[in-house]
Structures are given as C-alpha cells and as structure tokens.
Protein chains: 2
Amino acid sequence: MARKAGSHAEITGPKVREEALRLFAQYGYAAVSMRQIAKHVGLQAGALYTYTPDKQALLFDLMRDHMQKVLSGLEDLPEGGPVEQLEWMVRYHISYNLSHKDGVFINYMELRNLSEENHLEISRLRGVYEDAVEAILIAGQERGLFQIPDTRLATMAVIAMLNGVNTWYRESGRLSLERVEQIHWNMVRRAVTGS
Amino acid sequence: MARKAGSHAEITGPKVREEALRLFAQYGYAAVSMRQIAKHVGLQAGALYTYTPDKQALLFDLMRDHMQKVLSGLEDLPEGGPVEQLEWMVRYHISYNLSHKDGVFINYMELRNLSEENHLEISRLRGVYEDAVEAILIAGQERGLFQIPDTRLATMAVIAMLNGVNTWYRESGRLSLERVEQIHWNMVRRAVTGS
DNA sequence: GTCTATAGTACGATAGAC
DNA sequence: GTCTATCGTACTATAGAC
C-alpha cells in the first residue's frame, strides 16, 4: 500500500502508549504533559489526539490493559491442591510484577487520577484478582490445610507483602529472582499454615 | 499584643501545612495548585509564600515531619526479647499508620516529586526506620528465635505487609484495630518463626 | 497522519500597597 | 500578614493546511 511519508499508524500508536506508560510511571500522570509525551514519540502535541481522545483515556487504557494481562495470566493457574496453587500465585505475582514494573506502578499510583467511572472499572478488575487469591485461601482453609482467622485480611496481607518486592528488588542485586520467590513463598506458607 | 486584623501567623502557618497535607494526599502534589491550597486556608495565593519559600519546600517539610514523628515514636520500643519487640513494632506500625494516613500516603506517593537533595534525606530517614526493624530480626535470628534466610528481605516483606493495612482498613469495617493488629502479629510471628 | 498555529485557561512566584 | 495585580510560562485540546 502506498502511504504518505510520515504516516505510521501501526508503529506510532503503540509507541505513544509505550512512552506514556514510561513517563507516567517515572514522573506521575499529573506531572507529565502531552507535549512531553509527543516529544519522546517524535511528534507534535496535536498529533497525539489521533491515538487517544484525551489524556485521561490514555491513562485509563494503560491501566486497564495492565489489569487485563495480569488477569489473563491467571488462566495458567495449575490444577491441584491449595498449597500448590498458592505457591504458584506467589511466584506468578512476584515475577509478573517485576517484569511489568511500570504497569504495576501506575496501577498503584494513579488510581486517584482516574475519572469516577474509570476508577470503578479498575477497582473492579483489581477485585477480581483479589478474589482469585482469596479463593485459594478459602479452599485451603476448608480442607484444614491453612489456619487463617480471616481470609480477606490474609488475602490483602499476602498481596501487600508480594507487592513490596517491586520497591526494592534489583536484577543486579544480591538475590536472584528464584531466591526471592522462594523466600517469599516460605514466608507466605508459614504465615498461612503456621509450619 | 495589638495586632492588625487578618494577621494570624500562629494559626495560619499550621493551617497551611494541614490543608496542603490533606490536598496533596487526596489529589497528589503535582495536581494541587498553590491557589487551591490558599483557597482552602482562606488566603490569596501570594500570602502562602509567607509560610513557605516554595511549593517544593512545603512538600518536603510535610514528608520530613512525618518521618521524624514516626522515628521519635520508636523511642518507646520496650526493652525485652526480640519476640516482644517485634510484636510491639507490628502494633506500632499499624496503629501509627492508621492514625496518620495522609502523612503515610504522601511519604509513599510523592517521593518522586522531591528534588534530588530532598529525596536523599527522606530516603535516609526511611532507611533508619527499616534498620530499626531489621535490628530486631537480626537479634532474634542470632538467639535462634527466628528462622530467617535473609533479614533485609524479611524486613522489607514485613513492612510491606503492614503498610498494606492502610489501603483497605476502615474504622467502620468488620474488624477492630485490635483484631487487625493481632492477626497481623500472628502472621508476622509465624512468617519469621515458623510456629 | 502529521503539521503549524492558536484559543482559552491555569500555573508558580514576585512586587508593592496597606 | 495579607491583599491586588501581574509577569512569564505552560497547559489541554482544537482547527485547518498539506
């Protein structure tokens, strides 16, 4: 297909999202201007509006895409007992988050910059993830494998602990990813089973 | 002392800080304007500069004050064994954070909006807190009370888990503060001792 | 699809009156 | 200590040319 010089929709669209994600994660949604995003993509600011109706929609799309990818990864949850499933969840959560730091970060930090409608949808998706974790804890509790006084609180505590990894882990650091996963699994296992 | 009408330094100064803290926590530093702060205090924007050299200094002062209060609370750490000290830390962390939500929140969210120099100082203060927690874990490890493969990782994991409470706890909710503290202490104890 | 140009608004910070 | 007024700059978003 013949195409005008400077027309690169298939490349430019993803690049806009990529740069926006990076810049939002680094400086925060409110602190990043459309001009700044455009500059990093190699466009004038006005041209961004070919790819997003406005700045808010750009943020929302990035956050929703992140959550949808996180949730679709849950389809690989292995069959088996709650203990095996919980270990898989711990490792999946840590490794997915570490390989998608920017997405994780904006989903944490930018909730308050969403419109009310968009906020509701992202919170809903987050709830689906929390429910998936809690379902494992409930199953283990019912079979007497776990000793958990409150499965919802335990769910939030486990997720919070695992989220913490992203704040300090460095690939060049002292501990390998496998070791970090393993130590966290040990702590989570002991926290929910007492053994 | 006679005083001009509208002169209220002793009242206005704290009120500026109070409103700034509230607004920064609610909307984010970058999204809040000096005009907005002034309006909530009952001033014109220019008058704010009687109380802070600029917006950045206002943020930094709020964050530093929060960390200094958190750290000065550590002076009440009871003498005794590592297990008793760790329980105290868990309860202190949860209850202090829940009673100073806005301060906790901006110290989490606004690090990236600090100048490099200010960022260094806040990170240093945070490090002092982390070191205090780790010292307890190290003491327990040395006495054979804890079984922790890596005390630094365990420190970060415990702090992350406890920080999570602020994201979901509501006073009007299902669980009392005491119960939340107690359940978390149980999980932390089991995570570090395996019993 | 991207550009230039711009409308309309808001920002942080300062100057000088009172 | 607070006000009014304002400087200089930056913002989101749109219009119209190519």
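Since the model is a prediction, treat every value here as computed from it, not as a measurement. Just so it is clear: chains get the letters A, B, ... in the order the sequence lines come, proteins before strands, and each one is counted from 1.
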Within the supplied structure, the quantity of interest is the number of heavy atoms (other residues, nucleotides, ligands) at a distance under 6.0 Å from A:E178 CD; does it exceed 12? yes
Would you say the side chains of B:T151 and B:E134 form a donor-acceptor pair under 3.5 Å? yes
Indicate whether the side chain of A:N113 and that of B:Y27 have a donor and an acceptor atom separated by less than 3.5 Å. no
B:Q56 atom CD is separated from C:dA13 atom P, nearest whole Å, by 9 Å
How are the rings of A:Y92 and A:Y96 set relative to one another: parallel (under 30°), tilted (30 to 60°) or perpendicular (over 60°)? tilted
Checking contacts here: which listed nucleotide (D:dT2, C:dT4, C:dA13) is nearest the side-chain heavy atoms of A:Q44? C:dT4
What integer distance in Å separates A:L48:CG from D:dT14:P? 13 Å
A:E121 versus A:N118, side-chain donor and acceptor atoms under 3.5 Å: no
Across the strands shown, which category fits A:V32 at heavy-atom distances under 4.0 angstrom: base, sugar-phosphate, nothing? sugar-phosphate
Return no unless some side-chain N or O of B:T12 is found under 4.0 Å from OP1 or OP2 of D:dG1. no
Whole-Å distance, A:M34 CE to C:dT9 C1', equals 17 Å
Output the single nucleotide from D:dT14, D:dT2, C:dT14 whose closest atom is nearest the side chain of B:Y49. C:dT14
Check whether any side-chain nitrogen or oxygen of B:S33 sits under 4.0 Å from OP1 or OP2 of C:dC11, and answer yes or no. yes
Expressed as a whole number of angstroms, how long is the span from A:L58:CG to D:dA13:P? 10 Å
Please report the distance, rounded to the nearest Å, between CG in B:L43 and P in C:dA13. 16 Å
Please give, in whole Å, the distance from C:dT2 P to A:K15 NZ? 11 Å
Whole angstroms only, please: what is the CG-P distance between A:D54 and D:dC11? 17 Å
Contact class for A:T50 vs. all strands (heavy atom < 4.0 Å): base, sugar-phosphate, or nothing? base
Nearest-Å distance for atom pair OH/P, residues B:Y27 and C:dC11: 13 Å
Checking contacts here: which listed nucleotide (C:dG1, D:dC3, C:dG12) is nearest the side-chain heavy atoms of A:Y51? C:dG1
